[in-house]
Amino acid sequence: MIVVMKQGATPEQIEAVVLRVEELGYKVHLSRGEARTIVGIIGADDYLLSQDIFEVMEGVERTVRIMEPYKLASRNFVQAQSELSVGPVTIGGARVVVMAGPCSVESRQQILETAHAVKEAGASILRGGAFKPRSSPYSFQGLGEEGLRYLAEAREATGLPVITEVMSPDDVELVNQYTDIFQVGARNMQNYSLLKALGKVDKPVFLKRGISGTIEELLMSAEYILSHGNMQVMVCERGIRTYETATRNTFDINAIPLLKQLTHLPVVADPSHGTGKWELVGPVAKAAIAAGADALMIEVHPNPARAWSDGAQSLTPERFAQLMQELRSVAAAVGREL
Ligand code: PEP
Ligand code: MN
């Protein structure tokens, strides 16, 4: 980190900053220019230092980070691409992994039927929400443990590993009894108690970008899980809130190649929540694979018109099967399998 002193900062103010750096255990590199002095901090990784420490001091204009504020999530820390294993499935390898299923688990029949259909089409992980983070308290909130039981039954029936959302640290133990991957939803990206609790589990965590979360905030949230002991994390772009209202969210395609640069963690794209419209799911899924996504999450429902949540963005099993065919060519064109 570099501390830039104000023009005309007094020798006492500069000395105070130097002493503060040394007090923290680091060395100083002073650069006295014509107009202003710059204090370089040597030996401190930026992720350990808070900018506030210096920005509140008299005579300081600003601080500049040289490195990212996260470490364990950074490509600078781990250069090799991380691969996560979920049963027989590897996420982060040559093969683009597709996770598919309904927004919500609605009944035993619904999840079993969907599980068989998505497996048949080539998906390798089954998704389904049992604890639903709904914008309205009057909307369907999920079947809870009953939904988790149906999901586990669908795994038994198809052999597909399952992913489901956990909304509270209090539910981690219960969800752990049923799921193969923990999903952290967009609304909980900065639920730090939940992230810390998931740092203690021995299963992959699928972390979604917050509705107004920056890429740096997403990676800082991943860092919470990693720094609490769980290195099995993947990050997901699911669209962000912008001024545009024609679609549910604005899918940030930039996030995919940028995250691939910044982090070694597998990067997932969710074109269903990213668009909110089933007609747009296919084109955006293709764009995400072309941009380098390691996996996709796609909502599929046997009867979208009757879905209890997110019907408008859900593909029918037939449309999903057709899309999977098309995605194979896109994956091949960018040197991936699917
Ligand atoms: C979901 O996956 O159904 C969901 C609620 O997603 P998000 O957290 O991205 O809104
Ligand atoms: Mn949904």
Side-chain angles (χ1 to χ4, degrees), residues 97-106 110-111 114 118 123 125-137 139-144 147-148 150-151 162-168 171 175 179-191 194-195 198 204-215 217-218 221-222 225 233-242 247-252 255-256 259 267-278 280-281 284-285 288 293 295-316 320:
V97 169
V98 179
M99 313 178 191
C103 180
S104 302
V105 179
E106 297 168 6
Q110 174 245 20
I111 193 68
T114 315
V118 300
I125 295 174
L126 175 66
R127 70 146 282 149
F131 292 96
K132 296 303 303 176
R134 305 306 300 280
S135 300
S136 164
S139 299
F140 173 58
Q141 303 285 307
L143 292 182
L148 295 176
Y150 297 150
L151 207 52
V162 300
I163 173 169
T164 198
E165 178 158 356
V166 60
M167 285 174 33
S168 149
D171 294 331
V175 175
T179 200
D180 299 297
I181 305 174
F182 285 96
Q183 175 170 329
V184 176
R187 291 157 190 81
N188 274 314
M189 184 193 84
Q190 291 181 313
N191 180 341
L194 178 62
L195 301 177
L198 292 171
V205 178
F206 175 103
L207 176 65
K208 285 189 154 195
R209 181 177 181 181
I211 291 166
S212 303
T214 64
I215 294 201
E217 286 163 346
L218 171 62
S221 290
I225 306 169
V233 178
M234 62 196 114
V235 288
C236 174
E237 165 61 34
R238 48 76 73 201
I240 48 174
R241 177 163 295 182
T242 67
T247 48
R248 179 177 180 183
N249 289 298
T250 298
F251 185 85
D252 179 10
I256 306 288
L259 283 167
V267 174
V268 190
D270 173 351
S272 304
H273 295 86
T275 62
K277 293 178 189 287
W278 72 263
L280 306 186
V281 168
V284 174
L296 297 176
M297 171 171 268
I298 297 179
E299 287 187 337
V300 177
H301 193 284
N303 187 351
R306 290 188 169 257
W308 295 3
S309 59
D310 289 353
Q313 67 193 36
S314 299
L315 298 183
T316 61
F320 176 66

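Indexing begins at 1, ligand by ligand and atom by atom, following the structure's order.
- Atoms of ligand 1 found under 4.0 Å from any heavy atom of Arg238, numbered from 1 in the order shown, are 7 (P), 9 (O), 10 (O).
- Under a 4.0 angstrom heavy-atom cut-off, Gly129 registers as lying outside contact with ligand 1.
- Considering only heavy atoms from C-beta on, Met297 stays 4.5 Å or farther from His273 through its side chain.
- Shown in contact with Cys103 at under 4.0 Å from a heavy atom are these atoms of ligand 1, numbered in order with element: 3 (O).
- Tally of protein N, O or S atoms closer to the Mn ion (ligand 2) than 2.8 Å: 4.
- Heavy-atom contacts from other residues, nucleotides or ligands closer than 6.0 Å to CZ of Arg241 number 12 or fewer.
- Ranked by closest heavy atom to atom 2 (O) of ligand 1, the top entry among Arg209, Arg127, Met167, Met189 is Arg127.
- Set against the non-hydrogen atoms of Gly185, the atoms of ligand 1 under 4.0 Å away are 8 (O).
- Judged purely by atom type and a 3.5 angstrom limit, Glu217 has no side-chain atom pairing as donor or acceptor with the backbone of Gly213.
- Note that the CZ atom of Arg248 and the OG1 atom of Thr275 stand 9.0 Å from one another [nearest 0.5 Å].
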Working for salt bridge (Lys or Arg N to Asp or Glu O under 4.0 Å), residues Glu165 and Lys208: CA-CA 10 Å; Glu165 178 158 356; Lys208 285 189 154 195; over 6 Å; no
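- Considering only non-hydrogen atoms, atom 3 (O) of ligand 1 lies nearest to Lys132 out of Lys132, Glu165, Arg134.
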